Amino acid sequence: MSITEVSFQASQLQDAPVAAIEGRSQWQLTWRRLRTDKVAIASIVIILLVILFAILAPVIAHLVGHPVDQEYTNTGETAAGLPVPPGTHGFVLGTDWVGRDLLVRIAYGARISLFVGLLTTVLATVLGVTLGLVAGYFGGVVDSILARFFDAALAFPYIVLALALASVFGPSLIIVIGVITFFSWAGISRIVRGQTLSLKEKEYIEAAKSLGAGPWRIMFIDILPNLLGPVLVLATLYIPSAVTFEATLSFLGIGIPEPAPSWGNILSEATQFYHVAWWYVVFPALALLITTLAFNLLGDGIRDAIDPRTERIFAGTARKSRRGKRGKLDLDQAIMVGQERDVTVDHPVTAVEEG
């Protein structure tokens with residue numbers, strides 16, 4: 001390429017209009033990364049289908065013609081009094097131990113499980129973020145007292161508290177929500193406290209103090225927006241934990257009382273019939289597994305989308321390992337070549353004669 005051509009291309013670049021640079025916020029970048037994660041997108045689709053399945057529970061019951069608590073002792077049970085298998089007498093997923101439609105009960109159970117999971121996560125997140133901000137920002141005696149309270153809540157056995165409350169007040173939805181919320185907020189508070197201790201030393205916090213901003217404004221206006229990423233990831237991962245928590249309590253008989261359907265109490269009833277009615281165990285357990293797995297995978301995807309440094313670290317480690325292996329082979333080859341060259345230099349006449 002001649003100098004004239006280079007000068008012509010340079011003039012074209014100078015005369016070209018300057019393209020506008022479009023800025024993207026952190027959440028736009030997060031969504032852009034999340035869209036490329038096929039597992040996270042599939043998890044979102046599954047979660048939306050489960051939510052739609054729960055919302056349409058009355059419609060499903062109307063379509064199949066089986067109310068949620070209706071017992072069909074004639075068509076819903078065999079001659080031996082056992083549940084009928086899927087596809088028998090219009091029961092798509094079979095029946096339970098008293099002849100109720102298992103599909104309808106799983107759909108209504110999804111309502112309770114999702115309601116408990118979402119509500120307890122929201123309550124635990126609000127409480128945990130508030131106490132974590134207070135402990136981390138004020139420090140001193142306030143931090144010491146709240147930190148010990150966090151540790152006590154995390155160390156307390158939740159089954160013991162649930163059993164004590166259920167024995168005094170009886171199993172109920174209120175007790176389930178209260179117990180799950182009580183044992184969920186402490187973990188969020190600990191994470192928020194640690195992040196707040198780091199963020200409150202930043203320069204923009206000192207600037208806000210110098211301008212006369214109060215502590216509550218600094219906590220909720222300046223510090224909290226920088227914590228939304230970790231809090232969102234924690235909340236997404238706490239939802240499946242709450243769903244499993246509720247199923248465990250209901251399975252033990254200290255959660256949602258009968259006749260209200262819950263995935264936990266359905267599985268508790270099915271333990272006596274698993275050897276003669278496989279569908280009684282498989283379908284509720286499958287619904288619980290799919291829901292919790294989808295939320296967990298979505299939480300992992302959101303975490304990687306918000307802070308992709310972990311993925312880059314792992315990718316860089318693997319790339320470095322591969323380079324190290326290739327470098328070792330190249331070094332060995334270089335040593336062999338060097339040895340052959342030394343032999344040729346030391347004995348040139350012999351090498352020429354042999355050639």
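Here the structure is a predicted model, which means the values were calculated and not measured.
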*So, for Tyr274 and Trp279, is the gap between ring centers shorter than 6.0 Å?*
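When the ring centroids of Tyr274 and Trp279 are compared, they turn out to be at least 6.0 Å apart.
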
*Can the ring centres of Tyr72 and Phe91 be said to be less than 6.0 Å apart?*
yes

Indicate yes or no for a side-chain donor-acceptor contact from [X] to the backbone of [Y] under 3.5 Å, with no hydrogens or angles considered.
X: Lys200; Y: Gly136; result: yes
X: Ser167; Y: Ala164; result: yes
X: Ser250; Y: Ala247; result: no
X: Thr271; Y: Ser268; result: yes
X: Asn226; Y: Asp222; result: yes
X: Ser241; Y: Leu237; result: yes
X: Asn265; Y: Ala260; result: yes
X: Thr88; Y: Val84; result: no

*Start with the C-alpha distance between Lys209 and Ile218, add both sets of side-chain angles, then the distance that settles side-chain contact (heavy atoms from CB on, under 4.5 Å), and finish with yes or no.*
CA-CA 8 Å; Lys209 291 180 181 178; Ile218 294 176; 3.6 Å; yes

_Classify the ring geometry of Phe149 against Phe182: parallel below 30°, tilted from 30° to 60°, perpendicular beyond 60°._
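It falls in the perpendicular class, over 60°.
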
I'd like to check [X] versus [Y] (side-chain heavy atoms, cut-off strictly below 4.5 Å). Are they in contact?
X: Thr236; Y: Asp300; value: no
X: Pro83; Y: Phe273; value: yes
X: Thr95; Y: Asp101; value: no

*Gap between atom CD1 of Ile256 and atom CH2 of Trp263 - 0.5 Å precision*: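 These two atoms lie 13.0 Å from each other.
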
_Atom pair CG/CZ of Asp151 and Phe156 - distance to nearest 0.5 Å_ = 14.5 Å

Side-chain heavy atoms under 4.5 angstrom apart, residues restricted to Ile, Leu, Val, Met, Phe, Trp, Tyr: same cluster for [X] and [Y]?
X: Leu197; Y: Phe150; value: no
X: Ile221; Y: Leu224; value: no
X: Leu199; Y: Phe220; value: yes
X: Trp185; Y: Ile145; value: no

*Does the distance from a Lys or Arg side-chain N to an Asp or Glu carboxylate O, for Arg105 and Asp96, drop under 4.0 Å?*
yes

*Apart from Leu63 itself, which Ile, Leu, Val, Met, Phe, Trp or Tyr residues share its cluster (side-chain heavy atoms under 4.5 Å, direct or through members)?*
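Besides Leu63, the hydrophobic cluster comprises Leu52, Leu56, Val59, listed by chain and residue number.
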
_Which residues share a side-chain contact (heavy atoms from CB on, under 4.5 Å) with Ile46, sequence neighbours left out_ =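 Counting only residues at least two positions away or on another chain, Ile46 forms a side-chain contact (heavy atoms from CB on, under 4.5 Å) with Val50, Ile290, Ala294.
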
Side-chain donor/acceptor pairs under 3.5 Å, residues 108-133, sequence neighbours excluded:
residue: Arg111; atom: NE; partner: Ala54; partner atom: O; Å: 2.8
residue: Arg111; atom: NH2; partner: Ile55; partner atom: O; Å: 3.2
residue: Ser113; atom: OG; partner: Gly109; partner atom: O; Å: 3.1
residue: Ser113; atom: OG; partner: Glu246; partner atom: OE1; Å: 3.3
residue: Thr120; atom: OG1; partner: Val116; partner atom: O; Å: 2.5
residue: Thr120; atom: OG1; partner: Gly117; partner atom: O; Å: 3.3
residue: Thr121; atom: OG1; partner: Gly117; partner atom: O; Å: 2.6
residue: Thr125; atom: OG1; partner: Thr121; partner atom: O; Å: 2.6
residue: Thr130; atom: OG1; partner: Val126; partner atom: O; Å: 2.8

_Trace of the salt bridge (Lys or Arg N to Asp or Glu O under 4.0 Å) decision for Arg193 with Asp143_ = CA-CA 9 Å; Arg193 170 186 171 272; Asp143 184 26; 2.5 Å; yes

